[in-house]
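Some notes on the structure that comes next.
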There are 2 protein chains.
Amino acid sequence: MFTLRVMSDSQRILDSIRRLVRMLRVSDRQAQLELGVSGAQLFVLTELGKTPSLSLNELASRTLTDQSSVSVVVTRLVDAGLVTRDRDQRDARRLVLNLTRAGRALLQNAPPVAQERLLAIFDALPEAERKRFADTFEEIVDNAGADDGPAPMLFEDSERREGHLKAVPKEDAAAK
Amino acid sequence: MFTLRVMSDSQRILDSIRRLVRMLRVSDRQAQLELGVSGAQLFVLTELGKTPSLSLNELASRTLTDQSSVSVVVTRLVDAGLVTRDRDQRDARRLVLNLTRAGRALLQNAPPVAQERLLAIFDALPEAERKRFADTFEEIVDNAGADDGPAPMLFEDSERREGHLKAVPKEDAAAK
DNA sequence: TAAACATACTTGGGATCGCATCAAATCGGC
DNA sequence: GCCGATTTGATGCGATCCCAAGTATGTTTA
């Protein structure tokens, strides 16, 4: 009956996450219109600017995505003439990715995108608050993600009843 | 050579966001394997469980996504026999969406998914910390989203002249 | 040396997302 | 009553993401 006007703090957090994700997506679209490259592409360019001659896997782990996803993105960048993709001399399996001149140029006058805007907002927070936020966020992600994901291949008998999760507050002292 | 440089708090936050987003995606994937429905689908089912007889647009604003995205998701749910999609008697443009018996059933024994796991983690935080986190998060998202707008639509973009303007991406279009 | 195992990428499948359009239905003004 | 403007969904498009296989290339072992 009542539309539950009072959101719990936990739900407020979830909602913030959703809004944030959406904002990032929309921002990507906009970047694509203005720059011609998508957010993912720009992110790859940025990493490649920071660390040249990366291989695909290295790039994947730096961008926290799957190797196949990066593969596609890199292909687009190569097609656009922003990145060079050569095979490693010593190990012909690996790639050696680098920015072209055009890639560096684009990176330089790329207007601030979503990530930069977010960074600016973070930086504007009082230092103590920012640190607390970062700490809590890391703790949350560690608890949620780490969970020492058991080899993604073992659980077979996942019946439809998965019982429960145990995201127990597992006091992890290994935070640092 | 160790890349373990001291990340600024802002960088740590950004990184947490990326990890979180990735975790959510992977989790969706898993839910799909176990339940047969993706995270987005499950989310729609949940909203429909909370508020029956929604229209597509209402559902879209509740799920914070575009109408077209929801349209596709709903189509899949209808095909799967989990949701009914009828036209409104009084206004044949609108839809009346509802869960089928199967939809309700699935929703009931759906094991906790990513969102639930996150909620559990949030709830495990000390109350004061949780509240502070929620407050800061909302503040950040508000600043990033509303943010005296990065010019809703500036088409002075040199190479794109489609000739037609689109509805202003004004965030608060949800008001109804 | 030849076969078995491992690593690095690519490709195809399936799902999501948001934008731009389009068709149908409804509303409004005249 | 009629015709144009607006609203509601559906569809096509392009891009991303992850996973599962498949294809080379490398390394190790029998």
Side-chain angles (χ1 to χ4, degrees), chain A residues 18 21-33 35-44 54-61 63-80 85-97 152-153, chain B residues 18 21-33 35-44 54-61 63-80 85-97 153 160 162-169 173 176:
Chain A
R18 286 197 209 103
V21 169
R22 178 177 171 78
M23 192 268 287
L24 288 171
R25 282 217 183 95
V26 171
S27 189
D28 275 9
R29 292 311 198 285
Q30 191 169 344
Q32 188 164 1
L33 277 186
L35 297 179
V37 297
S38 70
Q41 290 169 12
L42 196 55
F43 189 29
V44 164
L54 286 173
S55 77
L56 197 70
N57 270 331
E58 290 166 342
L59 204 48
S61 87
T63 54
L64 292 177
T65 69
D66 192 81
Q67 164 226 71
S68 63
S69 304
V70 181
S71 177
V72 176
V73 172
V74 165
T75 295
R76 295 216 153 80
L77 291 173
V78 170
D79 290 348
R85 174 176 47 186
D86 307 300
R87 298 223 87 101
D88 189 322
Q89 295 293 336
R90 279 102 88 147
D91 187 341
R93 291 170 306 180
R94 327 182 93 221
L95 296 179
V96 178
L97 304 168
M153 236 186 293
Chain B
R18 287 200 207 99
V21 169
R22 176 165 222 276
M23 192 267 287
L24 288 172
R25 258 193 281 237
V26 172
S27 189
D28 276 8
R29 202 100 199 138
Q30 191 170 340
Q32 188 166 0
L33 279 185
L35 296 179
V37 298
S38 71
Q41 290 169 12
L42 195 55
F43 189 30
V44 163
L54 286 173
S55 77
L56 196 69
N57 272 330
E58 289 167 342
L59 202 49
S61 90
T63 54
L64 294 176
T65 68
D66 193 78
Q67 161 256 111
S68 62
S69 304
V70 181
S71 177
V72 176
V73 172
V74 165
T75 295
R76 295 216 153 80
L77 290 173
V78 170
D79 290 348
R85 174 176 48 185
D86 307 301
R87 300 222 86 103
D88 189 321
Q89 296 293 337
R90 276 104 88 166
D91 187 340
R93 291 171 304 181
R94 327 183 90 223
L95 296 178
V96 178
L97 303 167
M153 56 174 154
R160 180 61 93 181
E162 207 50 295
H164 202 347
L165 296 183
K166 208 289 188 178
V168 181
K176 168 73 196 299

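Residue numbers start from 1 in every chain, and the chains themselves are labelled A, B, ... in the order their sequence lines are given, proteins ahead of strands.
The CG-P distance, from A/Leu54 to C/dC9, rounds to 10 Å in whole Å. Computed from coordinates, the A/Leu77 CG to C/dT10 C1' distance equals 16 Å when rounded to whole Å. One atom, CG of A/Asp79, and another, C1' of C/dT10, lie 14 Å apart when rounded to the nearest Å. Note: CG (A/Asp88) to P (C/dT7) measures 17 Å, nearest angstrom. A/Asp86 places its CG atom 15 Å from the C1' atom of C/dC9, with the value rounded to the nearest Å. With rounding to whole Å, A/Arg94 atom CZ is found 14 Å from C/dA6 atom C1'. The distance from atom CZ of A/Arg22 to atom C1' of C/dC19 is 11 Å, rounded to the nearest whole Å. In this entry the distance linking CG of B/Leu33 with P of C/dG13 reads 18 Å, nearest Å.
In the set C/dA25, C/dG18, D/dT25, the nucleotide with an atom closest to the side chain of A/Ala92 is D/dT25. The side chain of B/Arg93 approaches C/dT26 more closely than any other nucleotide in the set C/dC17, C/dT26, C/dC9.
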Under-3.5 Å N/O pairs linking protein and nucleotides 2-4 of chain C:
none

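The minimum heavy-atom distance between A/Asp91 and A/Asp88, with the atom names listed, is O-CB, 3.2 Å. Heavy-atom minimum distance, A/Arg87 versus A/Arg93: NH2-O, 3.0 Å.
Residues A/Leu77 and A/Arg85 fail the side-chain proximity criterion, which asks for heavy atoms closer than 4.5 Å. Considering only heavy atoms from C-beta on, B/Arg29 stays 4.5 Å or farther from B/Leu33 through its side chain. The closest side-chain heavy-atom distance from B/Val74 to B/Leu97 is below 4.5 Å. The shortest distance between side-chain heavy atoms of B/Arg76 and B/Gln41 falls below 4.5 Å. Within the 4.5 Å cutoff, the side chain of A/Gln67 has heavy atoms near those of the A/Leu56 side chain.
With the nearest nucleotide of DNA chain D identified for both B/Val96 and A/Asp91, B/Val96 has the one nearer the 5' end.
Expressed to the nearest 0.5 Å, how far CG of A/Leu95 lies from CG of A/Asp86 amounts to 8.5 Å. Taking CG from A/Leu64 and CZ from A/Phe43, the interatomic distance works out to 6.5 Å, rounded to the nearest 0.5 Å. If you take CZ on B/Arg94 and CD on B/Glu58, they are separated by 5.0 Å, rounding to the nearest 0.5 Å.
Each of B/Thr65, B/Thr75, B/Asn57, B/Leu54 was scored for a side-chain contact (heavy atoms from CB on, under 4.5 Å) with B/Val70, with one residue passing: B/Thr65.
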Its contact letters, B for base, S for sugar-phosphate only and - for none at protein heavy atoms under 4.0 Å, make nucleotides 11-16 of chain D read B--BSS
Apply side chain to side chain contact (heavy atoms under 4.5 Å, CB included) to B/Asp28 and B/Met23, showing your working. CA-CA 9 Å; B/Asp28 276 8; B/Met23 192 267 287; over 6 Å; no
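Contact annotation: A/Asn57 reaches the phosphate of C/dC9 (side-chain N/O to OP1 or OP2, under 4.0 Å).
Two end axes, each from the C1' atoms of five base pairs, can be drawn for the helix from C/dT1-D/dA30 to C/dC30-D/dG1; they diverge by 10°, to 10 degrees.
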